[in-house]
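Read through the structure below, which is laid out as C-alpha cells, and then see the notes.
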Amino acid sequence: MSNEKSGFSTKIGFVLAAAGSAVGLGNIWRFPYLAARYGGGIFLLVYLVLAVTFGFTLMITEISIGRKTGKSVIGAYTDISRKFSPLGWVAALVPVIILPYYCVIGGWVLKYLSAFASGGGSSAAGDGYFSDFIGNAGSPTLFFVIYIILTAVVVMLGVEKGIEKVSKVMMPVLIVMTIVISVYSITLPGAMDGVKYYLKPNFSDFSLKTVVAAMGQLFYSMSLAMGIMVTYGSYMRKEDNIEGSVRQIEIFDTIVAFLSGLMIIPAVFAFSGGDKSMLNSGPSLMFVTLPKVFDTMKGGHIVAIVFFLLVALAALTSSISLMETVVSIVMEKTKIKRLPACLIVLGVSFAIGMLSVLGYSAWDSVLIFGKQFLDFFDFLSNNIIMPVVALLTCVLIGYVVKPKYIEDEVRLNAKFKSQGMYRFMLKYVCPVFMLVILVSSVIGYV
C-alpha cells in the first residue's frame, strides 16, 4: 500500500462517498427525534431552508478548500493562511473526538440488529433492556470492537478500492430500504395523523429554539466543520463540477433525513394512538421506543431487522469518513503508509471509545461537567468546536483571503450559478448564525 495521494475515480463515486459521510446516525436517529420535539412540519421547513442556503455555503467552501490545496484539513488551512493554521488542528480534533463514541453507538445498533435477527425482539422491547445492555461493559465492548474493525477494514483498502466501492453499493441500498420502510410506516392504522404532524408546518410552533436545533442538526447531518469535506475535496478530480456535486450531496442527505422522519414519526403515532409524548423520548427514541413499536406491529420483527440493518449501513458510511479524515492527517504528517496509519488510528480510537463504553457501566459515577463521557464528547464536538471552526472559516474566507479564493476553484470548469447567494451567506449570514449557535449552546438554551 502506498501513501501517495489517492482519489475518487469518478464524479458519482465522490458524490456517493460524500453523501455517505453526510448520511448517518444524524439523519436516521437524530433528525426524527428533533423534528418530533420541535414542531414536526415547521422544523422540517426550517431545516430545508437552512440546508439549501447555510449548508450549501459551508459545504462549497470546505470541498473547494480541499480540492484547491490537495491536502487534509491541517495542511489545507496552513496553505490558505499561516496565521489560521491552528484552525486546521482544531478542525482535526472533531473527527478524533467523534469517531470513537460514534463507533460505540454503531455497536449498539449492531446489538439490536443481532437481537431482532436471532428472535430476541420481544426482549429488546423490554423496559430495562437498553439500560441493562449498556450498564454491563462486556457486550457493548464486543459490539464496539466489531463495528470499529469493520470501519477500519474499509479505510485500509483505500479511497478508490475501499470507500468509493463500498459507497456505490451502500448508498443506493440505503435509499431503497428507507423508501420501503417509509411506505410501510405510513400505511399503518393511525399513521396519517403522524404524517400530517410531520409534513404540515404549524407556524405557532416556530421559535428561536427551532432554528438553533435545525442549525445544530445541519452540522451533524452534513458532516460540516469536522474536516471530512475538506479531506474528501482533496480527493476530488479537477474536472468535476463542485457546485453540481454539492447540490447532489445535499439532495441525497435531505432525502434520507426526510424519509427517516417519515419512517419513524407516523409509526410512533400509530403505535401510541396519537400520543405525542412518546416522540419526546429524544435520543432514546431509536433504542427504547422503536423496539416497542416493532414488537407490537404485525410483521414488525422483519421491519425491525431491515430498519437496524439500514441504520448500521448508514452509520458505517459516516464512521468510514470520520476514520479516513484522521488517517489522512496521520499519513500527511508522518509520511507513513496507509496500513500502519490505520492501525494507529484504530488503536487510539479504541482506547478513547472505551471511555464511552465504561462511562455507562464501571465508570458511571465519573462525570465531566455533570456529563458522562459519551455525552461530554458529543457536546464538546457538536456544540462548541464545530461552530467555532465554521465561524473562523467564514472569517478566513470571507474577510482574510476573500471569497474569490473559493469562487475561482468552483469556476474552474463551470459557471458558479449561486455565487451571489454564496458570497452574501458567507460574509453576513453564516457568521451570525454561528455566534447564535455557540452562545445558545454555552448557556444551555437548547
Side-chain angles (χ1 to χ4, degrees), residues 1-11 13-18 20-21 24 62-63 65-80 85-103 106 144-170 223 226-238 240 315-354:
M1 291 187 186
S2 170
N3 64 341
E4 290 176 8
K5 192 74 174 181
S6 54
F8 295 106
S9 63
T10 61
K11 179 187 173 185
F14 166 76
V15 169
L16 289 175
S21 166
E62 294 192 9
I63 290 174
I65 286 172
R67 194 173 78 171
K68 193 176 184 97
T69 61
K71 294 183 177 180
S72 65
V73 65
I74 295 174
Y77 278 104
T78 303
D79 260 21
I80 298 170
S85 60
L87 181 58
W89 288 94
V90 175
L93 263 182
V94 179
V96 172
I97 294 170
I98 293 180
L99 174 63
Y101 80 75
Y102 197 98
C103 288
F144 165 50
V145 169
I146 294 169
Y147 185 89
I148 200 169
I149 288 175
L150 281 173
T151 302
V153 167
V154 177
V155 176
M156 284 175 188
L157 290 171
V159 176
E160 188 178 336
K161 292 180 181 177
I163 298 167
E164 185 173 348
K165 277 192 174 180
V166 168
S167 299
K168 280 182 176 179
V169 174
M170 287 206 292
S223 296
M226 54 178 80
I228 291 174
M229 290 303 165
V230 175
T231 301
Y232 276 20
S234 74
Y235 300 144
M236 189 182 188
R237 300 184 308 174
K238 286 288 187 180
D240 291 336
L316 194 60
T317 57
S318 292
S319 59
I320 287 165
S321 65
L322 285 163
M323 184 173 282
E324 173 62 28
T325 302
V326 183
V327 167
S328 73
I329 293 166
V330 173
M331 288 170 66
E332 188 175 282
K333 288 295 170 188
T334 63
K335 307 302 180 188
I336 62 175
K337 294 183 178 181
R338 177 169 287 270
L339 181 58
C342 285
L343 292 174
I344 290 169
V345 172
L346 179 63
V348 172
S349 298
F350 173 76
I352 298 173
M354 282 306 298

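In this chain, residues are counted from 1 in sequence order.
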- prompt: Got Arg338 and Met331 here, is their nearest side-chain heavy-atom distance under 4.5 Å?
  reply: yes
- prompt: Would you call Thr325 and Leu99 a side-chain contact if the rule is heavy atoms closer than 4.5 Å?
  reply: no
- prompt: Which distance, rounded to the nearest 0.5 Å, do you find between the CD1 of Ile98 and the CE of Met226?
  reply: 4.0 Å
- prompt: Are Tyr102 and Met323 close enough, and set up right, to give a side-chain contact (heavy atoms from CB on, under 4.5 Å), and what steps lead you there?
  reply: CA-CA 11 Å; Tyr102 197 98; Met323 184 173 282; over 6 Å; no
- line: Taking every heavy atom of Ser223 against every heavy atom of Met229, the minimum-distance pair comes out as O-CG, 3.8 Å
- prompt: Could you go step by step and tell me if Thr78 and Ser85 meet the side chain to side chain donor-acceptor pair (under 3.5 Å) rule?
  reply: CA-CA 4 Å; Thr78 303; Ser85 60; 4.5 Å; no
- prompt: Any idea which heavy atoms bring Ile320 and Val155 closest together, and the distance?
  reply: O-CG2, 3.6 Å
- prompt: When you look at Lys71 and Ser234, which way does the side-chain contact (heavy atoms from CB on, under 4.5 Å) test go after all the steps?
  reply: CA-CA 6 Å; Lys71 294 183 177 180; Ser234 74; 5.8 Å; no
Point-to-point distance, once rounded to the nearest 0.5 Å, from CG of Leu322 to OG1 of Thr317: 10.0 Å
statement: Heavy-atom closest pair (Val230 atom, Ser72 atom, distance to 0.1 Å) is CG1-C, 4.4 Å
- request: For the pair Arg67 and Lys238, evaluate side-chain contact (heavy atoms from CB on, under 4.5 Å) and give the outcome as yes or no after the intermediate values.
  value: CA-CA 7 Å; Arg67 194 173 78 171; Lys238 286 288 187 180; 4.1 Å; yes
message: Applying ring-ring contact (aromatic ring centres under 6.0 Å, His included), can you list everything that pairs with Phe144, at least two apart in sequence or on another chain?
response: Phe350
- request: Indicate yes or no: at least one non-hydrogen side-chain atom of Val94 is less than 4.5 angstrom from one of Ile228.
  value: no
- prompt: Side chains of Ile352 and Val348: closer than 4.5 Å at any heavy-atom pair?
  reply: yes
- request: Using the test side chain to side chain donor-acceptor pair (under 3.5 Å), find all partners of Ser349 that sit at least two apart in sequence or belong to another chain.
  value: none
Any Tyr232 side-chain heavy atom under 4.5 Å of Glu324 side chain: yes
message: For a quick test of reading the model, state the closest non-hydrogen atom pair linking Ile65 to Thr69 and the distance between them.
response: O-OG1, 2.8 Å
statement: Closest non-hydrogen atoms of Ile97 and Pro100, given as atom of the first, atom of the second and distance, are O-CD, 3.3 Å
query: What's the spacing between Thr151 OG1 and Leu346 CG if we round to 0.5 Å?
result: 9.0 Å
task: Assess whether side-chain contact (heavy atoms from CB on, under 4.5 Å) is satisfied between Asp79 and Lys68, documenting all intermediate values.
output: CA-CA 10 Å; Asp79 260 21; Lys68 193 176 184 97; over 6 Å; no
- line: Shortest non-hydrogen pair, Glu332 vs Lys335, comes out as O-NZ, 3.3 Å
query: Looking only at side chains, do Ser319 and Tyr147 share a donor and an acceptor under 3.5 Å apart?
result: yes
- request: Quick one: pull up CG in Leu343 and NZ in Lys337 and give me the separation to the nearest 0.5 Å.
  value: 13.5 Å
